[in-house]
2 protein chains.
Amino acid sequence: MESQNVKDTVRQIFTEYLNANGHRKTPERYAILETIYSIDGHFDIDMLYSQMMNQENFRVSRATLYNTIILLINARLVIKHQFGNSSQYEKSYNRETHHHQICTQCGKVTEFQNEALQNAIENTKLSRFQLSHYSLYIYGICSKCDRANRRKKVSNNNKKEK
Amino acid sequence: MESQNVKDTVRQIFTEYLNANGHRKTPERYAILETIYSIDGHFDIDMLYSQMMNQENFRVSRATLYNTIILLINARLVIKHQFGNSSQYEKSYNRETHHHQICTQCGKVTEFQNEALQNAIENTKLSRFQLSHYSLYIYGICSKCDRANRRKKVSNNNKKEK
DNA sequence: ATAAATGCAAATATTTTGCAAGCGC
DNA sequence: GCGCTTGCAAAATATTTGCATTTAT
């Protein structure tokens, strides 16, 4: 699906959501949706804020960003993550299901896909619970940190031997 | 494994960790470990703080709680979650692997076990990444909220008809 | 004796809230 | 015009940090 196509579709989904829930269709809300769907990968409120100011040339307050993000989450157009300090968000419509790999040392977050894993999660029978979405976070040491650690260890051992 | 037995074991693991990393073995650290392993399920810093003061009659500052929790996480004795606002923690030694079901409406967190799911996750081949642990969060509507929503909907429909 | 750890308070960071003004319906 | 929404600033919350004091080694 083309990018513009996706934007049109999510705008429509959002409109339906706003109508169904008696919320107003303000220009701020659509500008925020537009900006979010221009961002690839994760973002936090600060990044979204500067993105709106600079790229889209649209001025909104942080309060409105927080308010609107909640609507978008409820409309199932955005998902929220809480890795590091500040909450991270990502667009969710028309995105491949993916999982998150987080390095406990440098904090780097990498996405990966795995169909078997996805099937296993989606086919899990949940008793008395209506699944809406899920997040799998896998923690460990990334290859970069692992290499750095090995180098450090070698150099420490050398020191001790001296 | 008995509760006292577990506490002895984790104390020993912690001691080894502290020794291996050149950290001091302070009474605060052991008291915090002891308290954490007396708590079932999740806790946050505030709950741990009052738990220490009241139950264990041990006075520690929040700063020390935060510091010590980091050590315990590194020693693989505690896991950190970030659902709601404040970080949630749980003891991890000798606990069954489990997953988390979170109601997006009332925020209630329920644990559940599922071996097939666990196997699927643990057998996932990760390229250039050393797995240490993982968390699966499943979001949706719990049965209680679902029932409440149905009742509300019925009552709204009745209103409209009048 | 020395450096690490603690407690306290202040600082920081993030998110929420109250309220006046603006604007969608 | 009504009342939801916005922007701003203040407040609330959670976590980190600096520093003087204590204490493990």
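Letters A, B, ... mirror the listed sequences (proteins, then strands); counts begin at 1. Everything quoted here is computed from the prediction, not taken from an experiment.
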**OP:** Name all residues meeting the ring pair (Phe, Tyr, Trp, His ring centres under 6.0 Å) criterion together with A:Y66; count only those two or more places apart in sequence or in a different chain, and write none if there are none.
**Re:** none
Original post:
According to the salt bridge (Lys or Arg N to Asp or Glu O under 4.0 Å) rule, which pairs have a member within residues 26-49 of chain A, sequence neighbours left out?
Top reply: A:K7-A:E34, A:R11-A:E34, A:D40-A:K91, A:D46-A:R62
Subject >> ILVMFWY cluster membership beyond A:I141 - transitive side-chain contacts under 4.5 angstrom >> reply: none
Subject >> Start and end of chain A contact along DNA chain D [non-hydrogen atoms, under 4.0 Å] >> reply: D:dG3 to D:dC8
**OP:** Please identify each residue that fulfils side chain to side chain contact (heavy atoms under 4.5 Å, CB included) with B:L131, with sequence neighbours left out.
**Re:** A:I138, B:L126
**OP:** Encode nucleotides 18-24 of chain C as B, S and - characters from 5' to 3', where the letter depends on protein heavy atoms closer than 4.0 Å: B to the base, S only to sugar-phosphate, - to neither.
**Re:** ----BBB
**OP:** State, to the nearest 10°, the angle formed by the axis through the first five base pairs of the helix from C:dA1-D:dT25 to C:dC25-D:dG1 and the axis through its last five.
**Re:** 40°
Original post:
Which pairs count as ring-ring contact (aromatic ring centres under 6.0 Å, His included) when at least one residue sits in residues 2-29 of chain A, sequence neighbours excluded?
Top reply: A:F14-A:Y30
Original post:
B:Y37: what forms a ring pair (Phe, Tyr, Trp, His ring centres under 6.0 Å) with it, not counting sequence neighbours?
Top reply: none
**OP:** Any pair with a residue in residues 70-90 of chain A that passes salt bridge (Lys or Arg N to Asp or Glu O under 4.0 Å), sequence neighbours left out, goes on the list, sorted by first then second residue, please.
**Re:** A:E90-A:R95
Original post:
Of the residues in residues 64-81 of chain B, which ones touch DNA chain C at a heavy-atom distance under 4.0 Å?
Top reply: B:T64
Original post:
Can you name the residues that form a side chain to side chain contact (heavy atoms under 4.5 Å, CB included) with B:N54, not counting sequence neighbours?
Top reply: B:S50
